[in-house]
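Worksheet: one structure, shown below.
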Amino acid sequence: MSRHTISSRVHGPLARFAWFVLYVDILLIPLALAWAAVGPVESTAGGAIELSAGLVAFSALVVAVVLPARLPMLISAFGIETILTVHRFIALVAVVLVLVHLVAVLIFDPRHLSILALWHTTRAAQAAVTSTVALVLIVVLAIRRPRQQPRYEGWRLVHNGLVAVVVITAWLHVWWLRHLVSHVLLALWFILSGLVLAGLAARRWIWLPIRARRSAYVVVSVRAVPGDGVTLTIQANGHPGLPFVAGQFVWLKIGSTPFVFEEHPFSIASTAEHPDRMEFTIKALGDFTELLVGLRPGRRVYLDGPYGGFTMSGLDGAPGFVLIAAGVGITPLLSMLRTMADRDDRRPVRLIVSARRQQDLMLLPEVEEVRARLNLRVTEVVSEPGPGWTGETGRINHGVLSRCLPRRPHRLHYFLCGPQPMVTSVSHDLAALGVPLRRIHTERFGAV
């Protein structure tokens, strides 16, 4: 079976529906088991609220943790941007349900507020209070993050630590209560959920770094490119390379060990036909970019991946493509072009790239290198043109698309990559031109 066939099944509509059904099951199965086994607690409205809100809140926490756990098939099915959006929504649902559960307990439990006195309450109550406080801290830090703009890795470390506290203490709260887990099916469910979460944690923080160490790369070169970017080229160190599909991305780690906490996601810009030699172009921004500039040839780096469903896989029958990028969003599209050229794919491709100034347009020399082997037409759009500029001006909008696209644009597939406002705006313009949403594939930088 070809990689294209497998990929189409992995991130097709049926795969997305299957994932959706699975997550709904995770949310509701423990509640159904509880009601079937024990019924509404003491047949009271308060007991029913406590039971329902608490169980669904715990299930929502499990789903919120599983979503960003770097499961390749899940990322391929929905894309990292959708996964993180749903992750935040499910986490918010969990917070609301936890608060409902807490209020119901304080109202209907005969101990009332005294249940919060950690020094003389039960272990189950102590675990519940600890979990709730940690959950509130996560929400507060998430709300304050856009304003304070802390260093991402520091914020991520605190966030992950608090998530671990929330999940572990929530699980212990249910287990120490003994009320629900005294029933065999519910006990099995909670044991299974604990094992799944522990397994995902072990995979994320132990197995993936071990795998990355076995598939290390070494730096070949680091060079500046137009548009205030840095291109990093790496070579597989003693192995044939990590197979990937053009358009996918990896998390890059720099350090003496793959177990370092700091890592950043970057789209691969090189051809998928030669995974032993990878290339990334990164916008010069922040401390990590300065670290990249300082890398010397021979330095070992580690990759976690590849991930992502922003690819042409499964589209062998498509008559052509339109690739649209802003700034460094051209990197995964360049990988697609290079791969098509290496596979002698002569289907028509239109590349539309935009930047503020002409000198900010990125990787156009690299596009020219493969242009002779492709049926490719390139359109450059500049919002602040300099003297003598004869190309398109402004932003990529309905007017630019109307002039650049073929007569029947609805037959093609579109790949959009760049900042979220640009991707959203162009998606709306394409839909207005009659392009079906299923033919518009997007990746928004800054989603991770």
Side-chain angles (χ1 to χ4, degrees), residues 18-41 48-75 77-78 83-84 86-102 104-105 122-135 138 159-208:
W19 279 108
F20 174 77
V21 171
L22 176 62
Y23 281 123
V24 170
D25 288 343
I26 294 174
L27 283 172
L28 299 181
I29 280 179
L31 181 62
L33 290 176
W35 279 67
V38 300
V41 179
I49 293 173
E50 288 181 37
L51 176 70
S52 302
L55 276 174
V56 179
F58 178 80
S59 300
L61 287 174
V62 172
V63 171
V65 171
V66 171
L67 280 170
R70 299 193 184 176
L71 301 176
M73 288 193 298
L74 180 61
I75 297 177
F78 293 98
I83 286 174
L84 292 180
V86 176
H87 162 74
R88 297 182 187 106
F89 174 76
I90 294 294
L92 180 60
V93 170
V95 170
V96 172
L97 290 173
V98 166
L99 295 178
V100 170
H101 175 70
L102 177 62
V105 169
T122 64
R123 290 188 305 170
Q126 290 171 346
V129 172
T130 303
S131 183
T132 303
V133 171
L135 189 60
I138 290 175
H159 178 80
N160 287 348
L162 288 172
V163 167
V165 171
V166 168
V167 173
I168 292 172
T169 52
W171 191 91
L172 289 174
H173 167 67
V174 176
W175 190 258
W176 283 337
L177 276 177
R178 304 305 301 174
H179 175 63
L180 294 176
V181 296
S182 62
H183 299 271
V184 175
L185 289 179
L186 280 169
L188 289 175
W189 175 266
F190 279 101
I191 291 173
L192 178 62
S193 68
L195 290 175
V196 168
L197 292 174
L200 288 175
R203 176 184 178 273
R204 170 69 180 85
W205 301 108
I206 299 177
W207 164 243
L208 290 181

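Considering Val167, Val196, Leu200 as possible partners of Val65, the one that fulfils the side-chain contact (heavy atoms from CB on, under 4.5 Å) test is Val167.
Under a 3.5 Å cut-off, the side chain of Thr132 and the backbone N or O of Ala128 do form a donor-acceptor pair.
Annotation: the span from Ile29 atom CD1 to Leu22 atom CG amounts to 8.5 Å, rounded to 0.5 Å. Between the CG atom in Leu172 and the CZ atom in Arg123 there is a gap of 8.5 Å [rounded to 0.5 Å]. How far CH2 of Trp171 is from CD1 of Ile191: 6.5 Å, rounded to the nearest 0.5 Å. Annotation: the span from Leu195 atom CG to Leu188 atom CG amounts to 10.5 Å, rounded to 0.5 Å. Between atom NE2 of residue His101 and atom CG of residue Leu55 there is a gap of 8.5 Å, rounded to the nearest 0.5 Å. Going from atom CG of Leu177 over to atom NE2 of His173 covers 4.5 Å, rounded to the nearest 0.5 Å.
The aromatic rings of Phe58 and Phe190 sit tilted relative to each other, their planes meeting at an angle between 30° and 60°.
Put simply, the side chain of Leu74 reaches to within 4.5 Å of the side chain of Tyr23, judged on heavy atoms. The shortest distance between side-chain heavy atoms of Leu135 and Leu61 falls below 4.5 Å. Proximity of Trp205 to Asn160: side-chain heavy atoms (C-beta onward) are separated by under 4.5 Å at one or more points.
The heavy-atom pair separating Ala57 from Leu97 by the smallest distance is CB-CB, 3.6 Å. Taking every heavy atom of both residues into account, Ser131 and Ala170 meet most closely at OG-CB, 3.6 Å.
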Given Leu71 and Arg203, is the side chain to side chain contact (heavy atoms under 4.5 Å, CB included) satisfied, shown in steps?
CA-CA 10 Å; Leu71 301 176; Arg203 176 184 178 273; 4.2 Å; yes

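A cation-pi contact, defined as under 6.0 Å to the ring centre and within 45° of the axis, is absent between Arg204 and Trp207.
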